[in-house]
Amino acid sequence: MPAPRNSNPSALEGLGGVLTQLDALRGRAALLTQVRAFFVARGYLEVETPVLGRSGAADAQLAQFALSDPVFGSLYLQTSPEYAMKRLLASGSGSIFQITKAFRQGEVGRFHNPEFTLVEWYGVGYDHLRLIDEACTLIARLAPSLTPEARLVSFRQAFRDRLGVDPIDDPTGLLQECAHACLPSTRELVLDDRDALLDLLMSQAVAPHFPTDAMTVITDYPASQAALARINSQGLADRFEIYCGALELANGFHEEANRDEYAARFAAEARKRHARGLPAIAQDERLLAALAQGDFPECAGCALGFDRVLMRALGAVHINDVLAFPIEQT
């Protein structure tokens, strides 16, 4: 087995002492057992969906691994199990969860590996607020240094509090000026993609100021960042992200159920991909067909970055320290 990436014992304190690779393996196994027990106790069904499929994620922000097969043509390593799990929900599965590998191209760094572990679940009869409580309870169960009582802040208020700008109503030009003022490295850049600009400000100027000893939950995202969340009466997305300090641990939302809305959002993401010179990805027609049956239940779903929570639980400083084989050692 390869040696840990970080050999500095003072940097890796967890499990009551220096975190070794064996500690990380045992810690991972223990937390996976806890995840399964958590969901089984709540009546969820564990499911398994393919990590290789004939359609990819519509999201233009995600870089996907594409393969070519002589029989099936283009195939994609899945960035999450979302679409397949929604097909199961539409078929009457009830509340479901999954622990799976997911893949995103080009994501390498302290908190990123191209292959990573996701815990994804959908609570039937849930809205996003009920799911926030459940997600925070799970995270606190896995990382006991955190408590399930989280600070809820709207996307708008988080920007107002830290930067003094309104990310919903202020013009893009004002947001550009804000970025140039608080992030000197951007002063020579043209930042005219509003959503990319908001993502930059959140990750680099807002989230780094969240407390590191507690969870912060950001809610009510702009409709342009709805992914597949429902849009509420205020025109905002019923979506949330859970942070510990600047580190995003989970992303979830009250699920949209309308087939035509899915098709429209897939088409909008396809236009973004084209505008950015990215390869086209076919819509998931099987998901659209499942939604067209009208049996998709009222539910909310969440994706949790398991490796990141494991880092918090074990006191690791780099994602490589909780992986048996990070990408550099494969």
Side-chain angles (χ1 to χ4, degrees), residues 14-16 23-51 78 80-102 116-152 213-217 219 229 238-244 247-255 257 295-316 322:
L15 300 177
D23 289 331
L25 288 174
R26 289 172 172 164
R28 177 178 289 269
L31 261 64
L32 288 172
T33 298
Q34 289 186 53
V35 168
R36 287 192 165 93
F38 181 90
F39 286 111
V40 169
R42 285 161 174 75
Y44 282 79
L45 173 68
E46 183 171 8
V47 299
E48 183 177 87
T49 59
V51 296
Q78 300 298 292
S80 91
E82 178 181 3
Y83 295 175
M85 292 183 77
K86 288 181 174 179
R87 287 168 61 188
L88 293 177
L89 288 163
S91 71
S93 67
S95 297
I96 53 177
F97 81 99
Q98 180 170 189
I99 303 169
T100 186
K101 292 294 186 180
F116 58 99
T117 300
L118 270 182
V119 179
E120 187 150 332
W121 73 99
Y122 294 83
V124 172
Y126 280 47
D127 63 11
H128 62 296
L129 297 176
R130 182 180 174 188
L131 199 65
I132 287 170
D133 289 339
E134 187 167 79
C136 290
T137 298
L138 173 60
I139 292 169
R141 183 79 56 86
L142 301 178
S145 63
L146 298 171
T147 66
E149 291 75 31
R151 182 176 66 112
L152 268 66
D213 59 351
M215 286 181 274
T216 299
V217 182
T219 63
D238 284 336
R239 173 188 169 195
F240 66 89
E241 289 189 350
I242 302 176
Y243 287 84
C244 182
L247 181 61
E248 179 196 340
L249 298 178
N251 175 44
F253 33 85
H254 192 173
E255 301 292 342
D295 295 326
F296 192 78
E298 180 86 9
C299 66
C302 184
L304 174 73
F306 178 80
D307 305 301
R308 294 181 177 185
V309 176
L310 182 59
M311 287 178 64
R312 175 74 191 202
L314 301 186
V322 298

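When reading the values below, keep in mind they use all heavy atoms of this one structure, side chains included, and skip hydrogens, waters and symmetry mates. This structure is a prediction, so every number in the text was calculated from the model and none was measured. Heads up: numbering here begins at 1 and tracks the sequence.
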### Query
Is there a donor-acceptor contact under 3.5 Å from the side chain of Arg28 to the main chain of Val322?
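The answer is yes, because a donor-acceptor pair under 3.5 Å joins these two groups.
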### Query
Does the Ser93 side chain pair with the main chain of Leu88, one donor and one acceptor, at a distance under 3.5 Å?
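Confirmed, Ser93 side chain pairs with Leu88 backbone.
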Could you tell me if [Y] and [X] have a donor-acceptor pair between their side chains, going purely by distance under 3.5 Å?
X      : Y      : answer
Gln98  : Thr49  : yes
Glu255 : His128 : no
Tyr243 : Glu241 : yes
Arg239 : Thr219 : no

### Query
Can you say whether the rings of Phe39 and Phe97 are parallel (under 30°), tilted (30 to 60°) or perpendicular (over 60°)?
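Judged by the thresholds at 30° and 60°, the geometry between Phe39 and Phe97 is parallel.
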Please name the pair of heavy atoms, one in [X] and one in [Y], separated by the smallest distance, quoted to 0.1 Å.
X      : Y      : value
His254 : Cys299 : CD2-O, 3.3 Å
Ala313 : Leu142 : CB-O, 3.4 Å
Pro148 : Thr137 : CB-CA, 4.0 Å
Cys136 : Val217 : SG-CG2, 4.0 Å
Pro81  : Glu120 : CD-OE1, 3.3 Å

I need the [X] [atom1] to [Y] [atom2] distance, nearest 0.5 Å.
X      : Y      : atom1 : atom2 : answer
Ile99  : Leu31  : CD1   : CG    : 10.0 Å
Leu32  : Gln34  : CG    : CD    : 9.5 Å
Ile242 : Met215 : CD1   : CE    : 6.5 Å
Asp238 : Asp127 : CG    : CG    : 8.0 Å
Cys244 : Arg308 : SG    : CZ    : 12.0 Å

### Task
Would you sort out whether Tyr122 and Glu82 count as a side chain to side chain contact (heavy atoms under 4.5 Å, CB included), showing the intermediate values?
CA-CA 9 Å; Tyr122 294 83; Glu82 178 181 3; 3.2 Å; yes
#### Entry: Arg36 NZ/CZ over Phe38 ring centroid, <6.0 Å and within 45° of normal
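The answer is no; the distance or angle limit is not met.
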### Query
So is Arg130 actually on top of Tyr126's ring, under 6.0 Å and inside 45° of the axis?
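So Arg130 does make the cation-pi contact.
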### Message
Run the side chain to side chain contact (heavy atoms under 4.5 Å, CB included) test on Phe253 and Cys302 for me, step by step, so that the C-alpha distance in whole Å, both residues' side-chain angles and the decisive distance to 0.1 Å come before the verdict.
### Response
CA-CA 7 Å; Phe253 33 85; Cys302 184; over 6 Å; no
Do [X] and [Y] make a side-chain contact, defined as non-hydrogen atoms from C-beta onward lying under 4.5 Å apart?
X      : Y      : result
Phe306 : Val35  : yes
Ile96  : Trp121 : no
Leu249 : Ile139 : yes
Glu48  : Thr100 : no
Met311 : Asp307 : no

### Verdict with supporting geometry, Asp213 and Ser145, side chain to side chain contact (heavy atoms under 4.5 Å, CB included)
CA-CA 8 Å; Asp213 59 351; Ser145 63; over 6 Å; no
### Worked check of side chain to side chain contact (heavy atoms under 4.5 Å, CB included) between Leu45 and Ser95
CA-CA 6 Å; Leu45 173 68; Ser95 297; over 6 Å; no
